[in-house]
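Some notes on the structure that comes next.
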Amino acid sequence: MPELPEVETIRRQLDDALAGMRIESVELLKSGREEPVGKEFVACLTGKKIKNIERRAKLIVWRFVDGSVMFTHLKMTGRLVLEDKRYKPRKHDRAVFKLKGKKGGKDLVWSDVRQFGFMKCLSAEDAKKVLDAYGPEPLEISAQELADRLLKPKTRKIKVALMDQATIAGIGNIYADEALFRAGVRPTRPLGELTAKERLEIAQQVQALLKLSIKHRGTSANDYVDASGKQGKFLKLLQVYGRGGEECVKCGTPIKRIVIGQRGTHYCPKCQK
DNA sequence: GAACCCCTGGTT
DNA sequence: AACCAGGGGTTC
């Protein structure tokens with residue numbers, strides 16, 4: 001699924017294209033993981049005017065002029081793509097949002113091969129509760145503040161901590177592996193064993209990496225495309241993710257692949273201590 | 001924590 | 001046929 005840089009890329013495009021527009025209709029092609037389900041979901045969105053579109057962690061947060069909110073979580077294979085008028089529904093499309101504004105109409109299609117993603121309508125109050133439970137946005141605090149969050153359960157592996165949304169919001173498997181490679185720290189190291197210098201280095205690399213990936217409009221490793229249907233360009237800049245068995249770009253040692261927390265994990269056994 | 005689950009499809 | 005896939009909630 002999209003992680004912070006990919007969700008942020010989509011969010012910027014949607015905010016640019018759709019802020020100020022009104023939802024004329026919602027066509028549900030496949031009902032199930034939207035909330036409320038079915039006709040009620042359609043009813044709660046129809047007619048609403050979009051104030052703006054924000055992001056928190058990996059959630060896209062739709063804010064409406066009437067104060068209500070909708071969340072979109074794309075999970076692993078979700079897409080939100082602005083389609084032109086020749087659009088024909090495809091196999092895994094779940095909903096089409098028809099929007100109207102001063103400059104004409106736009107169709108937004110939500111598709112999701114694995115159907116893990118969800119959309120949810122809720123009040124501003126309920127939305128705030130959900131959003132407040134996330135850890136800080138990594139690009140909105142200092143590297144030192146970020147580093148200080150990587151201390152807690154001493155036995156926890158650093159990779160697990162980086163991916164925990166309550167510790168830091170928005171990092172997933174790809175950027176956790178990449179940040180740890182850049183910082184020269186093995187993903188298996190327990191927090192209690194890291195030096196202050198290592199924690200700060202990890203925090204700085206997380207920030208630099210996320211910013212750089214946003215510049216490249218994210219990573220298209222599998223299903224990800226942005227709101228215009230284009231792939232992100234960061235894939236070729238990945239140094240360890242998906243490169244198990246290949247030579248390390250720094251030292252030539254074969255990259256190892258292990259499993260941590262049910263996720264494929266990639267690192268250089270020589271460069272990462 | 002670790003294991004399992006939601007689901008489908010691409011690759012080996 | 002088996003394994004893999006960028007998430008994350010739930011359950012022991």
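Values below: all heavy atoms of this structure, side chains included; hydrogens, waters and symmetry mates excluded. Throughout, a chain's letter reflects where its sequence line sits, starting with A, and its residues are numbered from 1.
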Side chains of A:K250 and A:K270 in contact at under 4.5 Å (non-hydrogen atoms): no
Note: A:E8-A:R55 ion pair, threshold 4.0 Å (strictly below): yes
Rounded P spacing from C:dA5 to B:dG1 in Å: 23 Å
Strand DNA chain C in bracket notation, Watson-Crick/G-U under 3.5 Å with | for pairs to another chain: |||||.||||||
Between C:dC3 (C1') and A:Q262 (CD): distance, integer Å: 14 Å
Side-chain N or O of A:T77 closer than 4.0 Å to phosphate OP1/OP2 of C:dA5: no
Of A:A57 and A:R257, the one whose closest DNA chain C nucleotide lies more 5': A:R257
Side-chain donor-acceptor pair present, A:Y175, A:T219, cut-off under 3.5 Å: yes
Side chains of A:Y224 and A:E3, donor plus acceptor under 3.5 Å: no
Separation of atom CD1 in A:I260 from atom P in B:dG1, rounded to whole Å: 13 Å
Residue A:K49 excluded, over 12 heavy atoms near NZ under 6.0 Å: no
Candidate nucleotides C:dA5, B:dC6, C:dG7, ranked by approach to the side chain of A:R33 - the nearest: B:dC6
Parallel, tilted or perpendicular: ring planes of A:H73 versus A:F118, cut at 30 and 60 degrees: tilted
Under 4.0 angstrom between A:R114 side-chain N/O and B:dC5 OP1 or OP2: no
Nucleotide nearest A:F116 (side chain, heavy atoms from C-beta), chosen from B:dC6, B:dA2, B:dG9: B:dC6
Nearest-Å distance for atom pair NZ/C1', residues A:K159 and B:dG1: 16 Å
Selection from C:dA5, B:dG9, C:dG7 that lies nearest to any side-chain heavy atom of A:M163: C:dG7
Nearest to side-chain heavy atoms of A:K91, which nucleotide of B:dG9, B:dT8, B:dG1: B:dG9
Atom-to-atom span, CG of A:D164 to C1' of C:dG8 - whole angstrom: 10 Å
Phosphate OP1/OP2 of C:dG7 contacted by A:Q165 side-chain N/O (<4.0 Å): no
C:dT10 to B:dC7 separation - P atoms, rounded to the nearest Å: 16 Å
Nearest-angstrom distance, C1' atom, B:dC6 to C:dA1: 22 Å
Rounded distance in Å - CZ (A:R263) to P (B:dA2): 14 Å
Rounded distance in Å - CD1 (A:I258) to P (C:dC4): 14 Å
A:E125 with A:K128: basic N within carboxylate O range, under 4.0 Å: no
Residues which pass side chain to side chain contact (heavy atoms under 4.5 Å, CB included) with A:T195, listed by chain and number, not counting sequence neighbours: A:K197, A:E198
Interatomic distance where CG belongs to A:D112 and C1' belongs to C:dG8 [whole Å]: 14 Å
Distance below 4.0 Å between A:H92 side-chain N/O and B:dG9 OP1 or OP2: yes
Sugar-phosphate, base or nothing in reach of A:T155, heavy atoms under 4.0 Å: sugar-phosphate
Out of B:dG1, C:dC4, C:dG7, whichever nucleotide has its closest atom nearest the side chain of A:E3: C:dG7
Interatomic distance where NE2 belongs to A:H73 and C1' belongs to B:dC6 [whole Å]: 14 Å
